[in-house]
Amino acid sequence: MKYSKYFLIIAFFGIVTSCSDFLDRTNPNEPDNVTFWVNEDQLKNALPPCYEALQKDYLVNWSESTAETVMWGNITSGLSKVSGGKHSYTDGFPFTTYWTGAYSYIYRCNNFLDNYNKAQVAQNKKDVYAAEVKTIRALMYFYLTTFWGDVPWVGEVIQPEDAYIERTPREKVIDQLVEDLKWAAERMPEERYTGDKLGRLDRWGALAILARIALQNERWELAAKTSEYIIENSPYGLYEYEKLFHHEGDVENDPKNIEAIVYSLFVPEIRTQSLPNETCSPTDYIRLNPTKSLVDAYLCTDGKPAKTGLEYYKKTGVQTSSLYKSPEEHYVDYFQNRDPRMKMTLYAPGDKWPGGDDGDPDTDKANEIFNLPRFASLQDNNRVGANSRTGFYLKKYNDIDLAGSSVGGHGNLNVIRFAEILLIYAEATFELQGKKLTQTQIDYSINRLRDRVNMHRMNLDELGAWGMDLETELRRERRIELAGEGTRYADVMRWREGELRFGRAITGPSLKVCMNDLGANPYPDTGVDEFGDVIYEKSTTEGGARYFDATKHYLWPVPNPERQKNPLLGQNPGWEK
């Protein structure tokens, strides 16, 4: 939404200052709810603090850095600990931070919903505002239920003495969200918002979040029907893939972008994000490090795997592509003849470069063109280039002009785009039909994504002939299309692939590539993994600490400080009580 700087500051610090935790529900700085909720302008003014929930930490860091598509740059961070199974029930971050943060936004939404009907505005008009707020609240509960399962349902502002409640079963929370989102969709406009209403949620945003929640909770029929309804009836569609993640492609800059259904709108000096620095900054270490398992997942341009990787881990009979050079000899080999989305997602040799000095022999000279990854252990000066932990760099959401700048990123953040709706349709229909799709259904969904980037189409006959299976390829497609966008952790949890994906060693390029191109192993003390890749952090397989315990790691521990305040919350299975 386009709001004035003055208005947002007043709204943010006046109406709903964030609570320290969801038990603390009073704020002396809030306006008098008896007198504030009178006219439509006040309803509008109460919306922005609710929309602040669409922030980078929830949309990217929370749901990517705790998974394995990217690794957070600080090995001791709570985000890195989660992906490696090293977290404890007493850790404050990320558990307490995200629990209390989500509930603080839920409080803002509840305060709106408790009071909006007081406004002297036609019911159909004020219900539109309430529908937006219910949709945002539903998104917060999506995160809470995905990470914790059962969570307290708080559907209204409650007093401290009423806050000591048990957790609500996940299924009951989801039932309420489905009801709320259907209510919201019925009251919101079908037309896309434009002009000074850009960024506001419409009917299709509510339905998109409903489809995502239904998929995550294996309500296949609801997910399939909702996604198909959006595909067939909404004004949304596909746009240019690479532009989706850069300022030039934001909806306010290019009306042709009809893909962004729900997004966090950039507002100068008010709502920015730090992704240009976190993806590739010209000084120090980068924060969001793409992992080698993501690199290995990209198919070749003929539709065959470059290597079996973790998708077909220890499986025989899978044909790999003759277009790929394996084993790789040089860093550039990783990017040859791969799905075009690879070079749109990751920096490849030959790209214009925002990272200062790269990994070439000149250790203190900034490069305009990217050649090789930079590892601090192999350079004399670790302050003049983008030092990677894994040897790979995200291009998505990076801005060459802003990397290293303190002003923050100018791009909008995609929350849900039309491509995800196509993917939801494919997965939900596949599950609904007994793990089958017709070629027509694949063309209707997956191949629209591949056609957009001129990638080889998915063909059922070819998959069978090449020893590939449809379920694996649907999951691969979702990972590749949405890489780095905040869906990965939820996906791995839904597919119950934690044992395969999480807790593994974090690796970089192969030892052969490092020796040929960099002249040394950047991590000589940790060896190589079973695929011959240099190891940054060991798993238990190599004698390190990273692991995944299926008896407890499919849910996060209930934050210890919250349990101390409210013993009725209990604890998730496997975690210390």
Side-chain angles (χ1 to χ4, degrees), residues 71 280 286 289-314 316 318-353 355 357-363 367-379 385-395 455-456 466 476 480 483 504-538 542:
M71 180 191 178
C280 190
I286 61 171
N289 295 261
T291 60
K292 182 59 164 42
S293 71
L294 172 63
V295 171
D296 290 342
Y298 284 94
L299 295 171
C300 287
T301 52
D302 59 3
K304 293 181 180 179
K307 52 184 63 180
T308 52
L310 293 181
E311 280 66 36
Y312 296 107
Y313 185 55
K314 295 185 177 180
T316 59
V318 178
Q319 290 187 30
T320 56
S321 176
S322 61
L323 300 176
Y324 192 73
K325 186 175 184 177
S326 184
E328 306 87 356
E329 295 184 359
H330 299 283
Y331 184 77
V332 71
D333 293 342
Y334 291 118
F335 299 89
Q336 300 302 308
N337 301 315
R338 306 296 287 273
D339 184 322
R341 287 171 292 188
M342 184 177 187
K343 288 186 178 181
M344 299 177 190
T345 302
L346 305 176
Y347 277 106
D351 283 342
K352 189 176 179 181
W353 178 238
D357 181 43
D358 71 355
D360 64 8
D362 295 321
T363 60
N367 297 74
E368 293 185 1
I369 300 298
F370 177 55
N371 298 295
L372 294 170
R374 193 179 200 278
F375 293 93
S377 62
L378 301 181
Q379 305 289 337
N387 293 289
S388 174
R389 304 293 191 181
T390 62
F392 301 98
Y393 303 84
L394 271 178
K395 183 184 291 184
M455 173 60 184
H456 186 90
W466 297 340
R476 185 202 302 269
I480 294 308
R504 302 184 69 87
I506 298 298
T507 62
S510 72
L511 178 61
K512 186 173 187 178
V513 166
C514 289
M515 296 304 296
N516 285 346
D517 287 356
L518 304 177
N521 181 350
Y523 305 119
D525 297 331
T526 48
V528 299
D529 73 350
E530 59 186 303
F531 302 113
D533 297 327
V534 299
I535 296 175
Y536 169 61
E537 184 185 12
K538 294 180 180 180
E542 298 88 16

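- Each of K292, K512, R504 was checked for a salt bridge (charged side-chain N to carboxylate O under 4.0 Å, His left out) with D533, and the lone residue meeting it is K292.
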Derivation of the side chain to side chain contact (heavy atoms under 4.5 Å, CB included) call for N337 and Y324: CA-CA 7 Å; N337 301 315; Y324 192 73; over 6 Å; no
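- Looking only at side-chain heavy atoms (C-beta outward), T507 and V534 stay at 4.5 Å or farther from each other.
- Here the shortest heavy-atom pairing between A386 and C280 reads CB-SG, 3.9 Å.
- Classification of K304 and D302 as a salt-bridged pair fails, no side-chain N sitting under 4.0 Å from a carboxylate O.
- Atom CG of D360 sits about 12.0 Å away from atom CD1 of I369, to the nearest 0.5 Å.
- Annotation: side chain of P349 is not in contact with side chain of H330 (no heavy-atom distance under 4.5 Å).
- In this structure the side chain of I286 never reaches within 4.5 angstrom of the side chain of N387, judged on heavy atoms.
- Between Y334 atom OH and L346 atom CG the span is 12.5 Å, to the nearest 0.5 Å.
- The closest side-chain heavy-atom distance from P509 to F375 is below 4.5 Å.
- With a 4.5 Å cut-off on side-chain heavy atoms, I506 and I535 do not count as touching.
- The two atoms that bring N371 and Y331 nearest to each other are O-CD2, 4.0 Å, heavy atoms only.
- The shortest heavy-atom contact between F392 and G508 is CE1-C, 4.4 Å.
- In this structure, K352 and Y347 approach most closely via the heavy-atom pair O-CE2, 3.5 Å.
- Taking NZ of K307 as the reference point, atom SG of C300 lies at 10.0 Å (rounded to 0.5 Å).
- The minimum heavy-atom distance between L518 and P373, with the atom names listed, is CD2-O, 3.9 Å.
- Under a 3.5 Å cut-off, the side chain of D358 and the backbone N or O of R374 do not form any donor-acceptor pair.
- Across all non-hydrogen atoms, the minimal contact from Y523 to N521 is N-OD1, 2.8 Å.
- When atom types are taken as modelled, the side chain of R389 and the backbone of E537 share no donor-acceptor pair closer than 3.5 angstrom.
- M342 is listed as a side-chain neighbour of V295, based on a closest heavy-atom distance under 4.5 Å.
- Formation of a donor-acceptor pair under 3.5 Å by the N289 side chain with backbone atoms of M71 is found in this model.
- Rounding to the nearest 0.5 Å gives a distance of 12.0 Å between NZ of K538 and CG of D529.
- The side-chain heavy atoms of P305 and V318, taken from C-beta on, include a pair separated by under 4.5 Å.
- Side chain of T390 to main chain of T291: no donor-acceptor pair is present (N/O by atom type, distance under 3.5 Å, no hydrogens or angles).
- Side chain of N516 to main chain of E329: a donor-acceptor pair is present (N/O by atom type, distance under 3.5 Å, no hydrogens or angles).
- Side-chain contact check for E530 versus Y313: some heavy-atom pair is nearer than 4.5 Å.
- Using bins of under 30°, 30° to 60° and over 60° for the plane-to-plane angle, the ring pair H456/W466 lands in the tilted bin.
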